[in-house]
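Reminder, nothing fancy here: chain letters follow the sequence lines and each chain counts from 1. We use all heavy atoms of the structure for the numbers below, so side chains are in, but hydrogens, waters and symmetry mates are not.
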Amino acid sequence: MAPTEGEKLTNATSTVAISGYEGQERTCYCGELDEKHVGSEVVLMGWVNRQRDLGELIFIDLRDRTGMVQVVTDHKRSPESFRIAKKVRSEYVICVSGTVVKRAPDTENPNSSTGMIEVMADDIKVFNRSKTPPFVIRDEPEPDEGLRMRYRYLDLRRLPMLRNLELRHKATLAVRNYLSQNGFWEVETPTMTKSTPEGARDYLVPSRLDPGNFFALAQSPQLFKQLLMVSGVDKYFQLARCYRDEDLRADRQPEFTQIDIEVSFSDEDRLFGLIEGMMKHLWKEVLGVEIAQPFPRMTWDEAMARYGSDKPDIRFGMEIHDITGVVRESGFMVFKSTIESKGTVRAICAPECAGMSRQELDSLAAQAKEFGAAGLIHLAYLPGGEVKSPVRKHLSDEEISGIAHATGAKEGDLVLIVAGPFEVAVTALGRVRLSLGDELGLIPEGKYEFLWITEFPLLERNEEDARWQAAHHPFTSPVTRHVHLLGSDDDSVKSQIRARSYDLVLNGVELASGSVRIHERKLQDKMFRLLNLSVEEAEEKFGFLLEAFEYGAPPHCGIAFGLDRLVMLMAGAGTIREVIAFPKTAKATCLLTGAPSQVSSEQLEDLGLSLKLNKERKTCK
RNA sequence: GGAGGCGUGGUGUAGCUGGCCUAACAUACGUGCCUGUCACGCACGAGAUCGCGGGUUCAAAUCCCGUCGCCUCCGCCA
């Protein structure tokens, strides 16, 4: 029964359609109610979070996506609603009509945002009953993640999960508004497209009308967005679904969303300004947080040298130091032979860790080895001036003090050293740095440290088939000062060429990645030669794009954000699964739907496919 | 492809150096009582062949092998 008398609330969050069902009109959401509404008649619809039956008095915590409010039923005031409330159980879907009243002074609940008021029920209608759910819908503790996935619709009913979905909505809306206000058009591109041999493994879609041929699900809209630049779209963006058939991680799903952006007649400085503005807008609109601009920039070479990572977490120090010069003349064989074989010796200083136990040191050494280091040497600068180390006797006093000077180590500190090839030494120390930073509590919470990493290597060595390939993609421009090196056959020269590519890093997470593209055919041909791609191969793989470039391609550049990671960081979540409504498991399955699953032989027949599986697996149903 | 962690009533955990385990605790669930609870309380009750398969043993939740599922990391992710 809808209230017809008294002051009626209008729905605060919706200006057009007010929810209603069979004559009942919802007046507001549970979480919106506060003392301002005292005296109002309200109609609420939602789920029973909990019913507390005190005999002659029953409380119901009613929950919807905004929060909870306490409903009271008194057998004298409304015998009928009292009778219904008696039988109501958790997760029943009900409609409550009643009056908002201020709670008596000693019955207020300061732990609830609606705890100053409650709703005296005049009428309760049960829309639906519920089986006892497989887990209780509450914030903590979380049930096993497999169970959450299996019953994701119940997991999402938990308010922290609804908050995450809301946050994601607000973030994407803010992105769309910002880019639109800056002259960008959102253009959709195909998800079913042409398989490209470079890059990640493709998800394939067989063609029924062209049996034997396959589409690939787009790994990104890369080629299409460059075509749109040739088309004169000028400023493009898209919230694009992308698909990559690679193994999963906490921050990687096989299908994910990119904020894909491309601009004509632009360059790094202009694009960075645009993106920094977008981040500022996002943080302000969605989190209410001001972030400092401009973001610092660091070349890839500098990031590797100082942090041993191309996505450094700069929320704390403990940087890597080069101590090669200090130990160049060392009698210690490990240092000597490393330096002779053109390696390097690097160190970090862990503050106040001189007393670290053997077990902790072993664990750090194990981590360093996992990333290729031959070992991890430690020097404990003990209070009093003594230095304790397994290699103490191999090092001179000058070396000991030189290392302290180079790393800034003081008495009570621990210096950790890796000797080896540059990338091995710094990445191993980079990992040790991160794990120590975490263990020592050096990483501040609630801080957002953005950082641009620029000038990545243009090429990288594929160890499997010993050839050079594009580190970003084959259309990435080299930096102007290195263009003349493109013709070189020398591997060491090739490894030194830097690209006009960049990443945006936030708190040690790669948020976005992009580059200035090659728009001149001549330079592109040079690039293909460098990649050992013949004209024919390039033609077969990207012919349509190269052809497009013959008809007047503007200079252009772009960037793509991992939306899931962005929202994850904004939500303070530990994995992107927390901000994806229906995520996949680590084995890329969906526990809710059971996908992937077998298909009928008729479906295969239509597609001209037959299965050939080993290991006695059943072919189809 | 590789390494590790976890798997015990519906849920979250304890037990896991083999035996008083006829598996404990909390919570959820059912019934009853209770007019100010909000983690309501109290009483009673039901609920588990300890992921699955095999082995060792007089005896296995516990040890061993295999397997499945979930998670984390390496490889992989232009």
Measuring only the [atom1] atom in each nucleotide, how far is [N] from [M]? A whole number of Å is fine.
{"N": "G47(B)", "M": "G10(B)", "atom1": "P", "result": "11 Å"}
{"N": "A24(B)", "M": "G69(B)", "atom1": "C1'", "result": "26 Å"}
{"N": "A61(B)", "M": "C50(B)", "atom1": "C1'", "result": "4 Å"}
{"N": "A23(B)", "M": "U8(B)", "atom1": "C1'", "result": "9 Å"}
{"N": "U49(B)", "M": "U22(B)", "atom1": "C1'", "result": "13 Å"}
{"N": "U27(B)", "M": "C68(B)", "atom1": "C1'", "result": "29 Å"}
{"N": "G2(B)", "M": "U67(B)", "atom1": "P", "result": "10 Å"}
{"N": "C25(B)", "M": "G66(B)", "atom1": "P", "result": "36 Å"}

May I ask you to decide whether [X] forms a salt bridge with [Y], counting only side-chain N to carboxylate O separations under 4.0 Å?
{"X": "Glu520(A)", "Y": "Lys526(A)", "value": "no"}
{"X": "Glu246(A)", "Y": "Arg252(A)", "value": "no"}
{"X": "Arg52(A)", "Y": "Asp61(A)", "value": "yes"}
{"X": "Asp525(A)", "Y": "Arg521(A)", "value": "yes"}
{"X": "Asp564(A)", "Y": "Arg577(A)", "value": "no"}
{"X": "Lys131(A)", "Y": "Glu91(A)", "value": "no"}

Does [N] have a Watson-Crick or wobble mate here (both distances under 3.5 Å), and if so which one?
{"N": "C21(B)", "value": "none"}
{"N": "A3(B)", "value": "U72(B)"}
{"N": "C63(B)", "value": "G55(B)"}
{"N": "U35(B)", "value": "none"}
{"N": "C44(B)", "value": "G30(B)"}

Which part of the nucleic acid, if any, lies within reach of [X] when heavy atoms closer than 4.0 Å are counted: base, sugar-phosphate only, or nothing?
{"X": "Lys541(A)", "value": "nothing"}
{"X": "Gln253(A)", "value": "nothing"}
{"X": "Ala471(A)", "value": "sugar-phosphate"}
{"X": "Glu145(A)", "value": "sugar-phosphate"}
{"X": "Leu248(A)", "value": "nothing"}
{"X": "Asp53(A)", "value": "base"}
{"X": "Gln222(A)", "value": "base"}
{"X": "Ser220(A)", "value": "base"}
{"X": "Thr132(A)", "value": "sugar-phosphate"}
{"X": "Glu510(A)", "value": "nothing"}
{"X": "Asp247(A)", "value": "base"}
{"X": "Ser435(A)", "value": "nothing"}

Look at the side-chain N and O atoms of [X] and state whether any lies under 4.0 Å from the OP1 or OP2 oxygen of [N].
{"X": "Arg431(A)", "N": "C73(B)", "value": "no"}
{"X": "Arg89(A)", "N": "U31(B)", "value": "yes"}
{"X": "Thr585(A)", "N": "C70(B)", "value": "yes"}
{"X": "Lys587(A)", "N": "C70(B)", "value": "no"}
{"X": "Arg577(A)", "N": "U72(B)", "value": "yes"}
{"X": "Arg249(A)", "N": "C71(B)", "value": "no"}
{"X": "Ser513(A)", "N": "C77(B)", "value": "no"}

Residues Arg433(A), Asp313(A); criterion salt bridge (charged side-chain N to carboxylate O under 4.0 Å, His left out); working and verdict: CA-CA 10 Å; Arg433(A) 171 181 175 268; Asp313(A) 189 339; 5.9 Å; no
Residue closer to the 5' end of RNA chain B, Gln219(A) versus Asn109(A) (nearest nucleotide):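 The 5'-side residue here is Asn109(A).
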Pairwise 5' ranking along RNA chain B for Gly55(A) and Asp106(A), keeping only the more 5' one: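 Result of the comparison: Gly55(A).
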Calculate the interatomic distance between [X] atom [atom1] and [N] atom [atom2]; express it in whole Å.
{"X": "Arg150(A)", "N": "G69(B)", "atom1": "CZ", "atom2": "C1'", "result": "14 Å"}
{"X": "Gln51(A)", "N": "A28(B)", "atom1": "CD", "atom2": "C1'", "result": "14 Å"}
{"X": "Met116(A)", "N": "C38(B)", "atom1": "CE", "atom2": "C1'", "result": "15 Å"}
{"X": "Leu217(A)", "N": "C77(B)", "atom1": "CG", "atom2": "C1'", "result": "16 Å"}
{"X": "Arg52(A)", "N": "C29(B)", "atom1": "CZ", "atom2": "C1'", "result": "18 Å"}
{"X": "Asp139(A)", "N": "A39(B)", "atom1": "CG", "atom2": "P", "result": "12 Å"}
{"X": "Glu140(A)", "N": "A28(B)", "atom1": "CD", "atom2": "P", "result": "16 Å"}
{"X": "Met120(A)", "N": "U35(B)", "atom1": "CE", "atom2": "P", "result": "15 Å"}

Pair of N/O donor and acceptor under 3.5 Å linking U37(B) base with Arg103(A) side chain: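 A donor-acceptor contact between them is present.
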Distance-only donor-acceptor test (3.5 Å): side chain Arg252(A), base C77(B):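 Side chain to base: pair found, below 3.5 Å.
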Nearest-neighbour nucleotide for the Asp144(A) side chain, G12(B), G36(B), U72(B) considered: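 Minimum distance to the Asp144(A) side chain belongs to G12(B).
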Out of U35(B), U11(B), C77(B), whichever nucleotide has its closest atom nearest the side chain of Leu57(A):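 Nucleotide nearest to Leu57(A)'s side chain: U35(B).
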Main-chain N/O of Glu455(A) paired to Tyr502(A) side chain as donor or acceptor, under 3.5 Å: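 No; judged by distance alone, with no hydrogens or angles, the pair does not exist.
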Reading 5' to 3' through nucleotides 2-10 of chain B, protein heavy-atom contacts under 4.0 Å coded B for base, S for sugar-phosphate only, - for none: --------S
Verdict with reasoning, Gln238(A) to Thr189(A), per side-chain hydrogen bond (donor to acceptor under 3.5 Å, both in side chains): CA-CA 8 Å; Gln238(A) 182 182 192; Thr189(A) 56; 3.0 Å; yes
Aromatic plane relationship, Phe135(A) with Tyr151(A) - under 30° parallel, 30 to 60° tilted, over 60° perpendicular: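 The arrangement is perpendicular - the two ring planes meet at more than 60°.
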Pro457(A) and Ser501(A), any side-chain heavy atoms less than 4.5 Å apart: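 They are not in contact (no side-chain heavy atoms under 4.5 Å apart), so the answer is no.
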Matching residue for Arg517(A) among His473(A), Gln524(A), His556(A) - test: side chain to side chain donor-acceptor pair (under 3.5 Å):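 When His473(A), Gln524(A), His556(A) are each tested with Arg517(A), the side chain to side chain donor-acceptor pair (under 3.5 Å) holds only for His473(A).
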